[in-house]
Number of protein chains: 2
Amino acid sequence: MNVSSIQDEAALSERQIGVLAAVLRLLVETGDRLTMAAVARAASCSKETLYKWFGDRDGLLAATVRWQAARVRVGPVDRSRLDRERLAERLEEFAINWLSVISTDTSIALNRVAIGAAAKAGAAGPGTGAADPHSLGAIVLENGRFAMGRRLKPVLEAGREAGLLAFDDAEEAFRTFFGLVARDIHIRLLLGDRIVLDPERIRGEAARAVGQFLALHGADPQTGAAGA
Amino acid sequence: MNVSSIQDEAALSERQIGVLAAVLRLLVETGDRLTMAAVARAASCSKETLYKWFGDRDGLLAATVRWQAARVRVGPVDRSRLDRERLAERLEEFAINWLSVISTDTSIALNRVAIGAAAKAGAAGPGTGAADPHSLGAIVLENGRFAMGRRLKPVLEAGREAGLLAFDDAEEAFRTFFGLVARDIHIRLLLGDRIVLDPERIRGEAARAVGQFLALHGADPQTGAAGA
DNA sequence: CTAGTACCGTACGGTACAGTACGCTGCGCT
DNA sequence: AGCGCAGCGTACTGTACCGTACGGTACTAG
């Protein structure tokens, strides 16, 4: 199906990035009613060029998702001397960043497209084994949920080494943090519920989530961890 | 757009229910590649009848979602004398039920369709005000997330009155519970990640979530609440 | 037996859109 | 100048599918 002249790490020309930006804009504006003709028009290029570059409608979508996902990266882990204050700050920063990203129009649009793609391909799967790693859903997951896990876990482990956190499994601890941050927000946004998420509110949500997480996994002098 | 000969509370005939069941089956099997012709074939009825009954493709989808959502209801709130044991049991029951539902093929398919519909209608909205209450997304939200909230909040409040729980706002407490139960599971399922959720695992997740929730909002003799 | 009703099966019109073919333009190279 | 190439714009093909129309069938009422 997907010839993909664009390999994973192939550099994108300026022009091609323009195309992807146009795709993203259209995706946000018109939902998944995205047509190749509309992309060509919006990007001032010909359909034939689109097919030459991206091989396929799916290839175009995948390239867009990959490209957008690549720009989510944020500041590196500052591993230097953790005290409780610094750790909480770091976690809050993560939470704020995460909430800011998932409430973005582009993030919502991309997640919706990926979920739609998963719906199309969902039934054919053999049941055993993980989902096709080239699917949009896998890409979004990989660059969203899992990337965040990879970035946060070192922080958690540093916190544990510094005696500030207590947990058995960093993955589990991260998932709890994830749940405390997102709660019902993500699914509501995806389903079209209009939630006001101004920076104020995001900051508040982040502070609450971090407080709760520390209440669960903060290392009290006397208590062990409460995790499963 | 949607003429909907089927009003919200109109009784569905046996035959019509058969059609909706077929829609659901096809939705699970073929993703949102659902065509009216396929439905007619699967339900052994004519397309014309489909249009007469449901007015529209959207109407058919909405009827299916409503019908399926209506069967999520579960046991009533047993308000009789709460002790800590009983409360935890009740919460676990909720969590187990919730996880069981959202990991169902049909639930996933329906959520995906609703999210896809939200994607199509997403950009046209005026921005202010809530989403169209007739949209599939709104229906799913109303019968899923919000129905669960309405059912769980009395339990939480009963727990508070019995001195077992401490929180300021039942809605906020519920959202925390929601986050602790679902964590990253729902979004991963929607995006096509294959997670094994056997009853064993579900029970474990539920127990953990309840433990964490009680750690956050359980009324210790000495401590106030930690909620925001 | 005739008329009416409710429905099945299928054929048809119309439209939207993926993917392809082709002509034309401008640019670098020799 | 002549050649090749990258790419724009557009016209074209094929297909999928929504929504409708129509003929045929079973069943009921009078």
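Sequence lines set the chain letters: A, B, ... in the order given, protein chains first and strands last, and positions in each chain run from 1. Remember, it's a predicted structure, so these values are computed and weren't measured experimentally. Any value given below was found using the heavy atoms of this structure, including those in side chains, with hydrogens, waters and symmetry copies removed.
- A ring-ring contact (aromatic ring centres under 6.0 Å, His included) with F178(A) is found for one member of W98(A), F146(A), F213(A) and no other, namely W98(A).
- In this structure, L50(B) places its CG atom 14 Å from C1' of dA6(C), rounding to the nearest Å.
- Put simply, chain B comes within 4.0 Å of DNA chain D, heavy atom to any atom, from dC17(D) to dC22(D), going 5' to 3'.
- Computed from coordinates, the D32(A) CG to dA18(C) C1' distance equals 15 Å when rounded to whole Å.
- Checked by atom type and distance alone, the side chain of S103(B) pairs as donor or acceptor with a backbone atom of S100(B) at under 3.5 Å.
- Here the C1' atom of nucleotide dA16(C) and the NZ atom of K47(A) are 11 Å apart, to the nearest Å.
- Distance K120(B) NZ to dC17(C) P: 10 Å, rounded to the nearest Å.
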Restricting both atoms to N or O, compile the protein contacts to nucleotides 22-29 of chain C shorter than 3.5 Å, with distance only.
{"residue": "dC22(C)", "atom": "N4", "partner": "E48(A)", "partner atom": "OE1", "Å": "2.1"}

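- When each of L141(B), L190(B), V65(B) is checked for a side-chain contact (heavy atoms from CB on, under 4.5 Å) with N111(B), only L190(B) meets the rule.
- We find that E142(A) and R66(A) are not joined by a salt bridge, their nearest charged nitrogen and carboxylate oxygen being 4.0 Å or further apart.
- Atoms CZ (R33(A)) and P (dA16(C)) sit 10 Å apart, rounded to a whole Å.
- Rounded to whole Å, atom P of dC17(C) lies 12 Å from atom CG of L26(A).
- In terms of modelled atom types and a separation under 3.5 Å, the side chain of T104(B) and the main chain of S107(B) share no donor-acceptor contact.
- Looking at heavy atoms from C-beta onward, R15(A) lies out of side-chain contact with T49(A) at the 4.5 angstrom threshold.
- Nearest-nucleotide positions on DNA chain D place R57(B) closer to the 5' end than the other of R57(B) and S46(B).
- If you check every strand for non-hydrogen atoms under 4.0 Å, R41(B) touches nothing.
- Using a distance-only test at 3.5 Å, with no hydrogens or angles considered, a donor-acceptor pair links the side chain of R57(A) to the main chain of L34(A).
- Computed from coordinates, the F54(A) CZ to dA18(C) P distance equals 15 Å when rounded to whole Å.
- Within the 4.5 Å cutoff, the side chain of I185(A) has heavy atoms near those of the R175(B) side chain.
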Between D193(A) and I187(A), is the side chain to side chain contact (heavy atoms under 4.5 Å, CB included) condition met? List the steps.
CA-CA 9 Å; D193(A) 197 359; I187(A) 188 65; over 6 Å; no
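- Counting non-hydrogen atoms under 4.0 angstrom, L34(A) reaches the backbone sugars and phosphates but no base.
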